[in-house]
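The structure appears right after this line, and notes come after that.
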Amino acid sequence: MMTLMDIFYGNFELEDILSDLISSAPVQRLKNIHQGGAVFLVSPHVSHSRYEHAIGVMLLVKKLGGSLEEQIAALLHDVSHTAFSHVSDYVLQKSGEDYHEQIFKEVIANSTIPSILTKHGFSTSLLEDPKYTLLEMPLPALCADRIDYTMRDLYHFGLINIVEVHHFINELAVQDGKIGVKSEKTALWIAGKYVQLNNEYFRKPEHVYANTKFSELIALGLEKGVIILSDFMKDDPAVLSTIKSDPDLNLELQKIKSLDYFERFSVSGSGKTFKERILKPMVIDHA
């Protein structure tokens, strides 16, 4: 049995199936996928991984009483993310930023995950259950996926501290299988922080610049044949190594990191569109 510690959620003993899935190559690969895509190139302190997020979502579902099946789905929900997360969406012009969702079944089928599930008496059909309302809900509702990436991005970017994270998590509650908060004050706080995250982190000009320019670099690598589409299913260090092996691509990479193009960069002219994203959490009355 594996024991996991997360700075947000605490210590948990995990069932054997979760231990086996965490130890598998597809999940371990997420340790080397940056959650923020190419943001780390210009904000090196923001370097948390998809693995941290996947573990966090699983533990939050567990903490809130979700079934083992929903915990498994939570752990695996991002396993098909490509190198540099959403950068591939920009390269492939996926405006919905859902390329990893489009290839999810294929990635799962071509991995060791089905055999691990079978070993423990489960099948991949559990990953397709639409009733996992702790894991995923459409905006403006809360869900474990949205809560974890919001808390993790805010924390690593320095917009909240660990005390605030713990206080918010302690304010979470579940009603009819859906996540809410215990007070209107908490609902207003997280709604405000979500706006701040979108405005100051996702839409930060330097971050939009990094993801935009890096996607252009990847597209150039594909055009030259230095990078091929299957490289997306490797991890960030592997793709960076390929980029650095080509003098032209490496030069462009160094220019991105040093913000050489930034003075001439315009977010509005980058082609990047932003959805209006707001949170309106359900307030659960415990009186």
Establish, yes or no, whether a centroid distance under 6.0 Å links the rings of His86 and Phe202. no
Could you check whether His77 and His53 have their ring centres less than 6.0 Å apart? yes
Does any non-hydrogen side-chain atom of Tyr51 lie less than 4.5 Å from one of Asp78? no
Rounding to 0.5 Å, atoms NZ (Lys105) and OG (Ser80) come to a distance of 12.0 Å
Taking atom NZ as the centre, does Lys119 end up with more than 12 heavy-atom neighbours from other residues, nucleotides or ligands that are less than 6.0 angstrom away? no
Could you state the interatomic distance from CZ (Phe214) to CD (Glu252), rounded to the nearest 0.5 Å? 12.0 Å
Using distance alone, with no hydrogens and no angle criterion, decide if His100 and Asp89 have a side-chain donor and acceptor under 3.5 Å apart. no
Pair Asp6 + Arg152: basic N to acidic O under 4.0 Å: yes
Please check if any side-chain donor atom of Tyr9 sits under 3.5 Å from a side-chain acceptor atom of Asp148, or the reverse. yes
Same apolar cluster (I L V M F W Y, side chains within < 4.5 Å links), Met137/Phe168: no
Correct closest heavy-atom pair for Ile33 and Ser85 would be CG2-OG, 3.6 Å
Hey, does Glu164 have a side-chain heavy atom less than 4.5 Å from the side chain of Leu154? no
Would Val195 and Val165 show up in the same hydrophobic cluster when neighbours are defined by side-chain heavy atoms closer than 4.5 Å? no
Can you check whether Leu222 reaches Phe232 side chain to side chain, under 4.5 Å on heavy atoms? yes
Under the side chain to side chain contact (heavy atoms under 4.5 Å, CB included) rule, what do Asn250 and Leu253 come out as? Steps first, then yes or no, please. CA-CA 5 Å; Asn250 187 48; Leu253 176 65; 4.1 Å; yes
Relative to the ring of Phe84, is the ring of His34 parallel (under 30°), tilted (30 to 60°) or perpendicular (over 60°)? parallel
Testing the basics here: between Pro281 and Ile190, what is the closest heavy-atom pair and its distance to 0.1 Å? CG-CG2, 3.5 Å
Tell me, please, whether Tyr261 has Lys213 positioned over its six-membered ring: NZ or CZ under 6.0 Å from the ring centre and within 45 degrees of its axis? yes
Whether Ser215 side chain and Thr212 backbone form a donor-acceptor pair below 3.5 Å: yes
N/O donor-acceptor pair under 3.5 Å between Glu128 side chain and Ser125 backbone: no
Going hydrophobic residue to hydrophobic residue with side-chain gaps under 4.5 angstrom, can you get from Ile113 over to Phe122? yes
Which heavy atom in Leu134 sits nearest to a heavy atom in Gly65, and how many Å separate them? CD1-C, 4.5 Å
Just how far is it from atom CG of Leu18 to atom CG of Leu4, taken to the nearest 0.5 Å? 9.0 Å
Does any N or O in the side chain of Lys193 come within less than 3.5 Å of the main-chain N or O of Met151, such that one atom is a donor and the other an acceptor? no
If you apply the rule side chain to side chain contact (heavy atoms under 4.5 Å, CB included), what do you find for Val39 with Asn211, and how did you get there? CA-CA 7 Å; Val39 164; Asn211 278 320; 3.9 Å; yes
Has Ser24 got a side-chain atom pairing as donor or acceptor with Leu21's backbone, closer than 3.5 angstrom? yes
Within one Ile-Leu-Val-Met-Phe-Trp-Tyr cluster: Leu159 and Val163, side-chain cutoff 4.5 Å: yes
Nearest non-hydrogen partners of Asp235 and Arg29, listed with the distance: CB-O, 4.3 Å
Test item: Glu136 side-chain N/O and Cys143 main-chain N/O as donor-acceptor pair under 3.5 Å: no
Does Gln175 reach the side chain of Asp285, with side-chain heavy atoms less than 4.5 Å apart? no
When hydrophobic residues are tied together by side-chain contacts of less than 4.5 Å, even through go-betweens, does Leu64 share a cluster with Ile7? yes
Does Lys224 have more than 12 heavy atoms from other residues, nucleotides or ligands lying within 6.0 Å of its NZ? yes
Let's go through Thr82 and Val87 carefully: what are the C-alpha distance in whole Å and the side-chain angles of both, what is the deciding distance for side chain to side chain contact (heavy atoms under 4.5 Å, CB included) to 0.1 Å, and is it a yes or a no? CA-CA 8 Å; Thr82 55; Val87 166; over 6 Å; no
Out of Val61, Leu127, Asp145, Leu126, which residue meets the side chain to side chain contact (heavy atoms under 4.5 Å, CB included) rule with Tyr132? Leu126
Say whether, by atom type as modelled, one donor and one acceptor occur between the side chain of Ser19 and the main chain of Met2 under 3.5 angstrom. yes
Does some side-chain heavy atom of Leu117 sit less than 4.5 Å from a side-chain heavy atom of Ile72? yes
Side chain to side chain, Leu142 and Arg146, heavy atoms closer than 4.5 Å: no
Rounded to the nearest 0.5 Å, what's the gap from CD1 on Ile55 to OG on Ser49? Could you check? 9.0 Å
With distance as the sole test, does Asp246 use its side chain to make a donor-acceptor pair with the main-chain N or O of Leu249 at under 3.5 Å? yes
Side-chain donor-acceptor pair under 3.5 Å between Ser183 and Thr186, yes or no? yes
Out of curiosity, Ile218 CD1 to Leu229 CG, how far, rounded to the nearest 0.5 Å? 11.0 Å
Would one find more than 12 heavy atoms of other residues, nucleotides or ligands at under 6.0 Å from atom NZ of Lys178? no
Assess whether atom CG of Asn170 is packed by more than 12 heavy atoms of other residues, nucleotides or ligands within 6.0 Å. yes
Ser111 side chain to Ile108 backbone, donor-acceptor under 3.5 Å: yes
Report yes if some heavy atom in the side chain of Met233 is under 4.5 Å from a heavy atom in the side chain of Val107; otherwise report no. yes
Before giving the answer on side chain to side chain contact (heavy atoms under 4.5 Å, CB included), spell out for Leu14 and Thr3 the whole-Å C-alpha distance, their side-chain angles and the decisive distance to 0.1 Å. CA-CA 6 Å; Leu14 302 180; Thr3 299; over 6 Å; no
Relative to each other, are the rings of His207 and Phe157 parallel, tilted or perpendicular (30° and 60° limits)? perpendicular
pair Trp189-Ile160: side-chain heavy atoms closer than 4.5 Å: yes
Rounded to the nearest 0.5 Å, what separation is found between the CD1 atom of Ile116 and the CG atom of Asp16? 12.0 Å
For the pair Glu15 (side chain) and Leu68 (backbone), establish whether a donor and an acceptor sit closer than 3.5 Å, ignoring hydrogens and angles. no
Compare every heavy atom of Arg277 with every heavy atom of Tyr194, then report the nearest pair and how far apart it is. OH-NH2, 3.2 Å
Taking all non-hydrogen atoms of both residues, which atom of Val57 and which atom of Leu135 are closest, and how far apart? CG1-CD1, 3.5 Å
Are the side chain of Gln35 and the backbone of Asp153 linked by a donor-acceptor contact shorter than 3.5 Å? no
